[in-house]
Protein chains: 2
Amino acid sequence: MTDPDEHAPVAVTVDLVVLTVRDDQLQALTIRRGEEPHRGRWALPGGFLRPDEDLPDAAERELREETGLSADRFHLEQLGSYGAPDRDPRMRTVTVAYIALAADLPTPTAGTDAADARWQPVSRLLGTDDALAFDHSAILADGVERARAKLEYTPLATAFCGEEFTVTELRHVYEVVWGTSLDPRNFHRKVTGTAGFLEPTGATTTRDGGRPAQLFRAGTTRHLHPPLLR
Amino acid sequence: MTDPDEHAPVAVTVDLVVLTVRDDQLQALTIRRGEEPHRGRWALPGGFLRPDEDLPDAAERELREETGLSADRFHLEQLGSYGAPDRDPRMRTVTVAYIALAADLPTPTAGTDAADARWQPVSRLLGTDDALAFDHSAILADGVERARAKLEYTPLATAFCGEEFTVTELRHVYEVVWGTSLDPRNFHRKVTGTAGFLEPTGATTTRDGGRPAQLFRAGTTRHLHPPLLR
DNA sequence: GCAAAAGTGTTGGGAGTACACCCATGA
DNA sequence: TCATGGGTGTACTCCCAACACTTTTGC
C-alpha cells in the first residue's frame with residue numbers, strides 16, 4: 001500500500017440480490033426508491049455500511065430490515081463488488097453485493113419499513129437492461145448466474161425449499177432456476193444417492209398428490225460429488 | 001438505500017493475489033512493507049482506489065506498478081471484498097481483492113518501485129496464519145482455493161503458461177497447483193479432445209526433452225465440458 | 001377402479017482409468 | 001543404441017440417460 005493521503009472519499013454500501021422460487025418462477029426482491037436519484041424506480045435492497053460493522057453483518061442487517069425475517073432463514077454469500085466512478089450521481093460509491101437465497105416467504109417483505117417492496121420475476125427484470133436503478137440490473141444478472149452455477153456443484157438448492165421438503169419439491173427448484181426439465185426417476189436416485197445431500201426425517205407427506213413422499217432436511221455436505229449437470 | 005449521511009468514512013483499497021508457477025511450486029508475489037503498521041513484514045501488493053478509477057482499472061494499475069508488466073500478460077479477476085472494522089489499525093478500510101495468474105516471469109517484479117518484492121511459495125506463506133500482514137493470509141488462502149477450483153472447470157491453467165506451451169507444461173501446472181500427479185497419456189487425450197481448450201500452432205519443440213512435442217496456444221472457450229477433475 | 005405421483009430395475013452407451021505399446025528426437 | 005518424453009490403442013469399469021414397471025395414496 002502507498003500513502004493513505006491520496007485516497008478519495010468513498011461511500012461503501014451493501015446491496016442484496018434476494019432470490020426465491022414463487023409461482024413456478026425465479027423471483028427477486030425489489031424496493032421502489034422513495035428518493036432521488038432514480039426516485040420511483042425499482043432497485044435492489046441495500047444500504048450504507050455502518051462504522052463498526054463487518055461486511056457480512058451489514059448484509060444480514062439489511063436482510064432483516066427488508067424482509068423482517070431472521071438471517072438464518074437464508075443462505076447468504078458475497079457476490080462481488082461494483083465501483084464504477086459514475087455508478088451513483090450523488091457521490092463516489094463502492095457497493096459490495098451479496099446474494100441471499102430463501103424459501104418462498106409467506107408474505108413478501110412483511111414488517112419492512114421500506115415504502116414499497118415486491119417480488120418480481122427475474123425473467124422480467126432482466127428483459128430490459130434498465131429495469132432497475134443504478135447498475136442493479138447487472139448485479140442481479142451476476143447474482144442469478146452465480147445461483148445457477150452453484151446449484152450444479154453445491155446443495156444450495158435446498159436453501160430455496162422450506163425446512164422439510166420432498167424430492168419433487170427440490171427437483172422443481174432445479175427446473176425453475178435452470179429453466180430445464182429433469183427426469184423425476186433419475187433425479188430421485190441421484191440426490192438420494194449423494195451422501196450428505198439429503199437427510200431423511202422419517203415423515204411423509206401427500207401434499208404433492210399421489211403416493212406419499214418422504215420428507216427430507218438439508219444435509220451437511222457443502223459440495224456435491226459428483227455434480228448435478230444442467 | 002437509506003440516508004447517505006449515516007455512512008462512515010471508509011478508505012477503499014485494492015489488493016492483489018498474484019500467483020505463478022516457479023520451481024515446481026505455486027508462488028505468490030509479496031511486498032515487504034516499508035511503513036507502519038506492520039513495517040518490515042510481508043504483505044500482498046495493493047493500494048488505494050483513486051478518485052476516478054473503476055475497480056478493475058485500479059487492479060490493473062497496481063499490477064503494472066508492482067510487476068512492471070502490462071496487464072494483458074495476466075488473467076485478472078475479482079476475488080472478493082474484506083472489510084472487518086479492525087483490519088487496518090490506521091482507519092476503516094474495505095479492500096477489494098483480485099487474483100492475477102501469470103506465467104513464470106523472467107525477473108520477479110522488474111521495474112517496480114516497491115522497496116522489496118519477492119515470490120514466495122504459497123505452501124510456506126500459508127503454513128503460519130500470520131505470515132502476511134493485515135488479513136492478507138486469509139485473502140491469499142481464498143485466492144489459492146479459487147485458483148485451484150477454477151482449474152477444474154475453466155481453461156485457466158493456460159494463464160500460468162507462456163504464449164505457446166506443450167501439453168506436458170500444461171499438465172505440470174495442474175500437478176503443481178493441485179499437488180497431485182496425473183497420467184500423462186490420459187491427460188493428453190483429455191485436453192486435446194476438449195473443443196476450444198487448446199489451439200495448435202503447428203510448431204513443435206524439444207525443450208522438454210525426448211520426442212518433439214506440439215506447441216499450443218490457449219483456445220477461446222471459457223468453460224471446460226466436461227470438467228477436469230482433481 | 002382410476003389417476004397421479006413415488007420409487008425401483010434394467011439396459012445400452014459414453015466417459016474415465018490403467019497400462020501396453022509405438023514414435024521421434026538428443027546424446 | 002539407449003534414454004527420454006510424445007502420443008495412440010485397448011480393455012475394463014463405472015456412471016448415467018432412457019424408460020418399463022411396481023407401489024401407495026386420494027377420489
Side-chain angles (χ1 to χ4, degrees), chain A residues 24 151-153 157-158 161-162 164-176 178-217 221 223-230, chain B residues 24 151-153 155 157-158 161-162 164-176 178 180-217 221 223-230:
Chain A
D24 296 349
L151 290 207
E152 292 195 20
Y153 55 94
T158 58
C161 298
E164 300 191 344
F165 52 89
T166 66
V167 171
T168 294
E169 288 160 4
L170 183 65
R171 176 169 48 85
H172 190 234
V173 167
Y174 276 92
E175 292 180 330
V176 166
W178 283 350
T180 58
S181 76
L182 300 166
D183 184 298
R185 288 101 31 129
N186 292 334
F187 182 85
H188 183 282
R189 204 191 330 254
K190 186 131 187 176
V191 296
T192 55
T194 300
F197 193 175
L198 301 181
E199 184 182 306
T201 66
T204 61
T205 182
T206 58
R207 65 190 179 212
D208 299 333
R211 168 175 170 180
Q214 283 184 259
L215 282 168
F216 295 89
R217 266 189 291 274
T221 312
H223 294 278
L224 257 32
H225 289 297
L228 246 65
L229 296 179
R230 261 179 260 200
Chain B
D24 296 349
L151 290 206
E152 292 195 21
Y153 55 95
T158 58
C161 299
E164 300 191 344
F165 52 89
T166 67
V167 171
T168 294
E169 287 159 5
L170 182 65
R171 176 170 49 84
H172 189 235
V173 166
Y174 276 92
E175 293 179 330
V176 167
W178 283 350
T180 58
S181 76
L182 300 167
D183 184 299
R185 287 90 44 112
N186 293 334
F187 182 85
H188 184 280
R189 205 189 332 252
K190 185 130 187 177
V191 297
T192 56
T194 300
F197 193 177
L198 301 180
E199 185 181 306
T201 66
T204 61
T205 181
T206 58
R207 63 190 179 211
D208 298 332
R211 170 176 166 179
Q214 282 183 263
L215 282 167
F216 295 89
R217 266 188 293 272
T221 311
H223 294 279
L224 255 35
H225 288 297
L228 247 66
L229 297 179
R230 260 178 259 199

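Here the structure is a predicted model, which means the values were calculated and not measured. Here is how names work: the chains are called A, B, and so on, in the same order as the sequence lines, proteins then strands, and each is numbered from 1.
Here dG6(D) presents its P atom at 11 Å from CZ of Arg207(B), a figure rounded to the nearest Å. Between the C1' atom of dC16(D) and the CD atom of Glu152(A) lies a distance of 16 Å, rounded to the nearest Å. When the P atom of dA5(C) is taken as reference, atom CG of Leu170(A) falls 17 Å away, rounded to whole Å. As a whole-Å value, the separation of His172(A) NE2 from dA6(C) P is 12 Å. The CG-C1' distance, from Leu198(A) to dG7(C), rounds to 14 Å in whole Å. Atom NE2 in His225(A) sits roughly 14 Å away from atom P in dC15(D) (whole-Å rounding). Atom C1' of nucleotide dC15(D) and atom CG of Leu229(A) are separated by 11 Å, given to the nearest angstrom. Taking atom CG of residue Leu224(A) and atom P of nucleotide dC16(D), one finds them 11 Å apart after rounding to whole Å.
Contact of the Trp178(A) side chain with the Leu228(A) side chain is registered, since non-hydrogen atoms from C-beta on lie closer than 4.5 Å.
Under 3.5 Å, the side chain of Arg211(A) and the base of dA6(C) form at least one donor-acceptor pair of N or O atoms. Counting distance only, with no hydrogens placed and no angle test, the side-chain atoms of Arg189(B) and the base atoms of dG9(D) include a donor-acceptor pair under 3.5 Å.
For Arg171(B), counting side-chain heavy atoms from C-beta on, the closest listed nucleotide (dG9(C), dG6(D), dT25(D)) is dG6(D). For Asn186(B), the side-chain atoms get nearest to dC19(C) when compared with the rest of dA18(D), dC16(D), dC19(C). Side chain of Arg185(A), nearest nucleotide from dA18(C), dA20(D), dT25(D): dA20(D).
Under 4.0 angstrom from either OP1 or OP2 of dG7(D) there lies at least one side-chain N or O belonging to Gln214(B). When the side-chain nitrogen and oxygen atoms of His188(A) are compared with OP1 and OP2 of dA6(C), none of them lie within a distance under 4.0 Å. For the pair Thr168(B) and dG6(D), the criterion of a side-chain N or O lying under 4.0 Å from OP1 or OP2 is met.
In this structure, Phe216(A) has its ring center at least 6.0 angstrom away from the ring center of Phe197(A).
Residue Asp208(A) is in sugar-phosphate contact alone, with no base atom involved, counting any heavy-atom pair closer than 4.0 Å across all strands shown.
Comparing Phe216(B) and Thr206(A), the nucleotide of DNA chain D nearest to each residue sits closer to the 5' end for Phe216(B). Position along DNA chain C of the nearest nucleotide to Pro226(B) versus Pro212(B) favours Pro226(B) as the more 5'-ward residue.
Interatomic distance, Glu164(B) CD to Glu199(B) CD, rounded to the nearest 0.5 Å: 10.0 Å.
Screening Arg189(A), His172(A), His188(A), Lys190(A) for a side chain to side chain contact (heavy atoms under 4.5 Å, CB included) involving Val167(A) leaves a single residue, His188(A).
Nearest approach of Thr158(B) to Leu170(B), heavy atoms of both residues: N-CD1, 3.9 Å.
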